[in-house]
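Note that the numbering runs from 1 along the sequence shown for the chain. Owing to the predicted nature of the structure, the values given are computational and were not obtained by experimental measurement.
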Amino acid sequence: MPLTYIKAQEPGVDIANWTLPLLLKQNAEKYGQDKVALREKEYGIWQDVSWRQYQERVKYFALGLAALGFRDDDALAIIGDNRPEWVYAELAAQSLKGRPLGIYQDSILTEVAYVIDHSGARFVVAEDQEQTDKVLDMKEKLPNLKKVIYTDAKGMRPYDDPLLIFFPEVEALGRQFETEHPGYYERSVDRLTPEDVALVAYTSGTTGFPKGVMLSPKNIRAHLQIFK
């Protein structure tokens with residue numbers, strides 16, 4: 001994740017008290033449209049995402065989640081490939097003082113349902129039709145599930161389940177939410193601390209049920225090398 005690589009001597013960065021959403025905010029302010037934060041190859045062509053674009057995607061997805069009812073300590077499960085939408089969703093949940101967690105994309109139906117239920121996730125980001133089907137096929141066992149947010153619309157046109165919503169639609173909700181609640185995202189990011197839960201890492205569950213480990217920004221910092 002590009003956000004984790006930051007020079008300790010850069011002005012304005014308090015290494016002892018950073019959180020990932022705060023680093024994103026600071027990098028967006030410093031680099032704006034001038035530097036690339038992420039790249040993804042689409043149809044054989046690399047697509048660049050600037051730091052400002054990165055910040056906007058995270059911000060409006062976070063506000064969209066808030067509009068859908070995502071609150072402090074809510075869990076957001078993410079299942080799919082290594083795509084920009086994964087980090088947008090993960091940082092958005094962190095920005096709202098939530099608990100993002102990943103699910104192995106090759107997990108079978110019961111494993112997916114177990115992690116969602118065990119984590120208490122009311123919101124799921126599913127990459128495509130295959131991953132969405134896994135969640136929908138087990139929805140009777142997930143009574144607390146509120147929304148399944150899919151990032152790839154291919155094959156999803158015939159679906160009409162009220163649980164479903166397209167990733168860009170959530171971002172659109174976020175833009176509307178901002179007009180009604182100006183400053184909501186910024187206030188939420190500013191209140192975060194290094195002791196908050198940054199993510200929940202689940203084991204593969206090969207020898208039993210998957211186990212979740214809660215990691216804070218402080219834990220993550222302990223495993224990073226800060227380059228001078």
- Task: Check whether the side chains of Glu195 and Ser216 place a donor and an acceptor atom closer than 3.5 Å, and report yes or no.
- Result: no
- Pairwise distance CG(Leu20) to CG(Leu91) - rounded to 0.5 angstrom: 6.0 Å
- Any salt bridge between Asp196 and Lys97, counting N to O under 4.0 Å? yes
- Would you name the heavy atoms of Tyr185 and Val58 that are closest together and state the gap between them? OH-CG1, 3.8 Å
- Can a donor-acceptor pair be found between the side chains of Gln129 and Tyr159 at a distance below 3.5 Å? yes
- Sequence neighbours left out, what passes side-chain contact (heavy atoms from CB on, under 4.5 Å) with Ala67? Give chain and number order. Leu173, Phe177
- Message: For Leu22 and Gln26: C-alpha separation, side-chain torsions, deciding distance, then whether side-chain contact (heavy atoms from CB on, under 4.5 Å) applies.
- Response: CA-CA 6 Å; Leu22 180 59; Gln26 292 175 334; 4.1 Å; yes
- Answer yes or no: is there a side-chain heavy-atom contact under 4.5 Å between Trp18 and Pro217? yes
- Query: Roughly how far, to the nearest 0.5 Å, is the CG atom of Leu96 from the CG atom of Leu63?
  - Reply: 7.5 Å
- Thr132 versus Leu164: any side-chain heavy-atom pair under 4.5 Å? yes
- Residues Leu199, Leu101; criterion side-chain contact (heavy atoms from CB on, under 4.5 Å); working and verdict: CA-CA 6 Å; Leu199 59 91; Leu101 59 112; over 6 Å; no
- With sequence neighbours excluded, tell me which residues meet ring pair (Phe, Tyr, Trp, His ring centres under 6.0 Å) with Tyr88. Tyr54
- Task: For Lys59, enumerate each residue passing the side chain to side chain donor-acceptor pair (under 3.5 Å) test, keeping only those at least two apart in sequence or located in another chain.
- Result: Glu178, Glu186
- Take Thr193 and Thr19, measure what side-chain contact (heavy atoms from CB on, under 4.5 Å) needs, and give me the verdict at the end. CA-CA 7 Å; Thr193 75; Thr19 63; 5.7 Å; no
- Message: Could you check whether any side-chain heavy atom of Trp51 comes within less than 4.5 Å of a side-chain heavy atom of Leu24, counting everything from C-beta outward?
- Response: yes
- Message: Counting C-beta onward and ignoring hydrogens, is there a side-chain heavy-atom pair between Val125 and Tyr150 closer than 4.5 Å?
- Response: no
- ILVMFWY clustering at 4.5 Å (side-chain atoms), partners of Leu192: none
- Interatomic spacing from CZ in Arg187 to OG in Ser95 - rounded to 0.5 Å: 14.0 Å
- Message: For the CG atom of Asp160 and the CE atom of Met156, what is their distance to the nearest 0.5 Å?
- Response: 10.5 Å
- Query: If you round to the nearest 0.5 Å, how far is NZ of Lys141 from CD1 of Ile116?
  - Reply: 13.0 Å
- Query: Considering residues at least two apart in sequence or located in another chain, which fulfil the side-chain contact (heavy atoms from CB on, under 4.5 Å) criterion with Glu169?
  - Reply: Ile165, Phe166
- Atom of Lys146, atom of Gly69 and distance for their closest heavy-atom approach: CE-CA, 4.4 Å
- Query: Phe167 pairs by ring pair (Phe, Tyr, Trp, His ring centres under 6.0 Å) with which of Phe123, Phe61, Tyr60?
  - Reply: Phe61
Residues 72-86, side-chain donor-acceptor partners within the protein, below 3.5 Å, at least two apart:
from: Asp72; atom 1: OD1; to: Arg191; atom 2: NH1; distance (Å): 3.4
from: Asp72; atom 1: OD1; to: Arg191; atom 2: NH2; distance (Å): 2.6
from: Asp72; atom 1: OD2; to: Arg191; atom 2: NH1; distance (Å): 2.9
from: Asp73; atom 1: OD1; to: Arg99; atom 2: NE; distance (Å): 3.1
from: Asp74; atom 1: OD2; to: Arg71; atom 2: N; distance (Å): 2.9
from: Asp74; atom 1: OD2; to: Arg122; atom 2: NH2; distance (Å): 2.7
from: Arg83; atom 1: NE; to: Glu40; atom 2: OE2; distance (Å): 2.2
from: Arg83; atom 1: NH1; to: Glu127; atom 2: OE2; distance (Å): 3.4
from: Arg83; atom 1: NH2; to: Glu40; atom 2: OE2; distance (Å): 3.0

- Message: For a quick test of reading the model, state the closest non-hydrogen atom pair linking Leu145 to Val124 and the distance between them.
- Response: CD1-CG2, 3.7 Å
- On a heavy-atom basis, the closest approach of Ala28 and Gln55 is CB-CB, 3.6 Å
- Task: Could I get the full list of ring pair (Phe, Tyr, Trp, His ring centres under 6.0 Å) partners for His118, not counting sequence neighbours?
- Result: Tyr114, Tyr202
- Item | salt bridge (Lys or Arg N to Asp or Glu O under 4.0 Å) contacts touching residues 42-53 (sequence neighbours left out) | Arg39-Asp48
- Who pairs with Lys35 by side chain to side chain donor-acceptor pair (under 3.5 Å), at least two apart in sequence or on another chain? none
- Query: What residues, two or more places apart in sequence or in another chain, satisfy side-chain contact (heavy atoms from CB on, under 4.5 Å) together with Leu109?
  - Reply: Lys134, Asp137, Met138
- For Lys25, side chain to side chain donor-acceptor pair (under 3.5 Å) partners two or more places apart: Asp190
- Please list, chain by chain and in numerical order, all residues satisfying side-chain contact (heavy atoms from CB on, under 4.5 Å) with Met214, sequence neighbours excluded. Val197, Val200
